[in-house]
Amino acid sequence: MDKSLYIVIPCYNEQEVLPITSGMFLEKLESLIAKGLCSEQSKILFVNDGSKDDTWQIIQNLAKSNDRFVGLTLSRNRGHQNALLAGLMWAKDRCDVTISIDCDGQDDVNAMDEFLKNYHEGCHVVYGVRSKRDTDTFFKRFTAEGFYKFMEMMGAQTVFNHADYRLMSKQALEGLAQFKEVNLFLRGLVPMVGYKSTAVYYERHERIAGESHYPFSKMLNLALNGITSLSVKPLRYITGLGFVMSLVSFVVVIYAVFTHFFGTTVTGWTSLVGIMGFIGGIQLLCLGIIGEYIGKIYSETKQRPRYIIEKTTVDDENK
Ligand code: UDP
Ligand code: MG
C-alpha cells in the first residue's frame with residue numbers, strides 16, 4: 001500500500017515512559033508496514049511539549065538511532081491539545097494519514113490495524129473508543145463519564161468515551177486546519193470537520209509508568225473549556241434562568257402588595273434577606289459564565305499562535 005502513515009504522539013515529561021513505549025510503537029508500525037496497511041515512508045512523530053525532563057533528549061536519540069522516528073519540540077509547554085495540533089499540522093504536509101495516540105501506552109496500539117482498514121475502505125476519521133474503563137480508578141471513571149454527560153447537556157457534542165486516539169486522513173486534517181480558533185478542543189472540533197467517520201472499540205490499559213497529567217482540576221478545566229469553546233447553550237440557559245427568576249419575583253411582589261393592603265404585613269425580613277442572597281448568587285454565577293465567553297472572545301481576537309515549533313529532528317526541513 002502506498003499510503004504513508006504518521007503516528008503522532010504528544011509527550012510532556014515522559015522520560016520514564018518513552019523508552020518503553022517507543023519500542024512498542026516501532027514494533028507496531030513495522031508490522032503495519034509488513035501487512036501492507038501503510039507505506040515504507042511511514043513514521044512515528046513525537047511532539048515534545050516543552051518538557052522539563054529529558055524527554056527531548058530521548059526523542060533526539062531515538063531519531064538518531066532509527067529514521068522511522070522523527071521529533072519536534074515546541075518553544076514551551078502549550079498543553080496536550082496544542083501539542084497534538086502542532087504534530088498533526090506538521091504531519092499533514094508530509095503524509096497521507098495520521099493516527100494520534102498518547103505516549104503512555106494506555107491506548108491499545110493493536111487497534112491501529114482496524115483504524116487503517118477503515119481508512120482504506122473510505123473513512124476519513126476513525127475514532128478510537130474505549131470499550132470499558134476497568135483499569136481506571138472509580139473516581140476517574142466517575143468523573144470522566146460525568147464529563148461526557150455534562151458536555152452533551154451543555155451542547156458540546158463529543159464522541160462518548162473517545163479521547164484523542166484517532167485516525168485522520170490528509171483531507172480531514174486540511175479541514176481541521178481551517179479552524180483557526182485558539183481555544184482548542186479537538187474532540188469537539190473533529191466531528192465538526194465532517195467527512196465519513198466510524199468508531200473502533202478497544203480496551204484501555206493502565207499507564208505504563210509516570211503519572212497522569214490530567215488530575216481532577218485539569219479535567220474540570222478541559223470540560224469548561226470544551227463547553228465554552230464549542231457551544232453557547234449555557235448563555236441560553238442563563239436567559240431562561242433570568243426569565244424564571246423574574247417571574248418568581250413578580251409573584252413575590254404581587255404577594256407583598258396584597259399583604260400590605262390587607263394588613264397582614266410580614267414582619268420578619270429573614271426570608272427577604274434569604275431571597276436577596278439567592279438572587280445575588282445566581283447573578284454572580286451568570287456573570288461568571290458570561291465572563292468565560294468574553295474571555296474566549298478576548299483570546300480569539302488576539303490571534304496568538306497556538307504553538308511555535310522550536311526545532312525538529314529533520315534538519316533540512318526546519319519548521
Ligand atoms: N501531554 C502533553 N502536554 C501536557 C500534558 C500532557 O503533551 O501539557 C501529553 C502526555 O505526555 C500524554 C498525553 O498528553 O502523551 C495525555 O496525557 P496523560 O496520559 O497525562 O492524560 P490521561 O491519560 O491521564 O488523561
Ligand atoms: Mg494517559
Side-chain angles (χ1 to χ4, degrees), residues 10 78-85 100 102 104 106-107 125 127-166 176 179 181-194 197-204 206-207 211-245 278-300 306:
R78 294 294 291 120
H80 179 201
Q81 299 288 295
N82 287 303
L84 184 54
L85 183 75
S100 51
D102 289 352
D104 53 16
Q106 282 189 287
D107 300 313
V125 181
Y127 300 101
V129 176
R130 263 169 252 177
S131 52
K132 47 184 178 173
R133 280 184 172 267
D134 289 355
T135 53
D136 284 345
T137 62
F138 172 75
F139 183 70
K140 174 103 190 171
R141 198 164 63 209
F142 182 74
T143 50
E145 269 165 21
F147 169 89
Y148 290 105
K149 298 252 162 71
F150 182 60
M151 299 267 303
E152 189 149 329
M153 218 171 73
M154 287 293 159
Q157 299 286 336
T158 50
V159 179
F160 190 65
N161 263 345
H162 157 72
D164 283 297
Y165 184 23
R166 80 174 80 81
L176 182 66
F179 288 74
E181 50 210 86
V182 179
N183 295 292
L184 206 56
F185 187 67
L186 290 172
R187 268 175 251 181
L189 278 187
V190 176
M192 287 187 194
V193 174
S197 67
T198 186
V200 166
Y201 293 84
Y202 70 96
E203 277 176 33
R204 189 153 154 116
E206 289 197 49
R207 222 174 199 287
E211 276 183 8
S212 167
H213 302 101
Y214 274 106
F216 183 62
S217 59
K218 258 199 178 176
M219 207 142 102
L220 199 66
N221 236 332
L222 191 71
L224 268 182
N225 234 330
I227 293 162
T228 49
S229 301
L230 293 175
S231 124
V232 287
K233 242 189 184 171
L235 290 179
R236 212 162 302 146
Y237 287 152
I238 288 178
T239 323
L241 193 65
F243 184 70
V244 170
M245 287 313 290
F278 178 61
I279 294 179
I282 297 256
Q283 278 179 333
L284 277 182
L285 175 79
C286 297
L287 275 179
I289 298 184
I290 295 170
E292 278 281 320
Y293 281 95
I294 295 180
K296 289 270 141 72
I297 298 171
Y298 177 71
S299 50
E300 294 294 345
R306 294 179 283 188

Taking the side chain as everything from C-beta on, heavy atoms only, tell me whether [X] gets closer than 4.5 Å to [Y].
| X | Y | result |
| --- | --- | --- |
| V190 | V125 | yes |
| V159 | R187 | no |
| F150 | I227 | yes |

Rounded to the nearest 0.5 Å, how far apart are CZ of R166 and CG of L186?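 Going from CZ on R166 over to CG on L186, the span is 5.5 Å.
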
Roughly how far, to the nearest 0.5 Å, is CG of L184 from CZ of R78? 9.5 Å

Once salt bridge (Lys or Arg N to Asp or Glu O under 4.0 Å) is applied, do any residues pair with R306, and if so which ones, sequence neighbours excluded? none

List for me each residue that meets salt bridge (Lys or Arg N to Asp or Glu O under 4.0 Å) alongside E203, sequence neighbours excluded, and say none if there are none. K132

Does atom CZ of F179 have more than 12 heavy-atom neighbours, drawn from other residues, nucleotides or ligands, at distances under 6.0 Å?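 Counting other residues, nucleotides and ligands, CZ of F179 exceeds 12 neighbours.
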
Cut-off 3.5 Å, no hydrogens considered: what does the side-chain donor-acceptor table look like for residues 283-297, sequence neighbours left out?
residue	atom	partner	partner atom	Å
Y293	OH	S231	O	2.3
K296	NZ	N225	OD1	3.1
K296	NZ	T228	OG1	2.5

Given 3.5 Å as the limit, does a donor-acceptor pair link the side chain of H162 with the main chain of G128, or not?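 Yes, the answer is positive, given that a donor and an acceptor are paired below the 3.5 Å cut-off.
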
Given 3.5 Å as the limit, does a donor-acceptor pair link the side chain of D104 with the main chain of Q106, or not?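 Judged by distance alone, yes, a pair lies under 3.5 Å.
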
Can you pull out every salt bridge (charged side-chain N to carboxylate O under 4.0 Å, His left out) where at least one residue sits in residues 220-230? Sequence neighbours excluded, please.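 Found none.
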
Residue list, ring pair (Phe, Tyr, Trp, His ring centres under 6.0 Å) with Y202, at least two apart or on another chain: Y165

Going by side chain to side chain donor-acceptor pair (under 3.5 Å), name the residues that satisfy it together with N82, two or more places apart in sequence or in a different chain.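 Expected list: none.
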
Testing the basics here: between V182 and E300, what is the closest heavy-atom pair and its distance to 0.1 Å? N-OE1, 2.9 Å

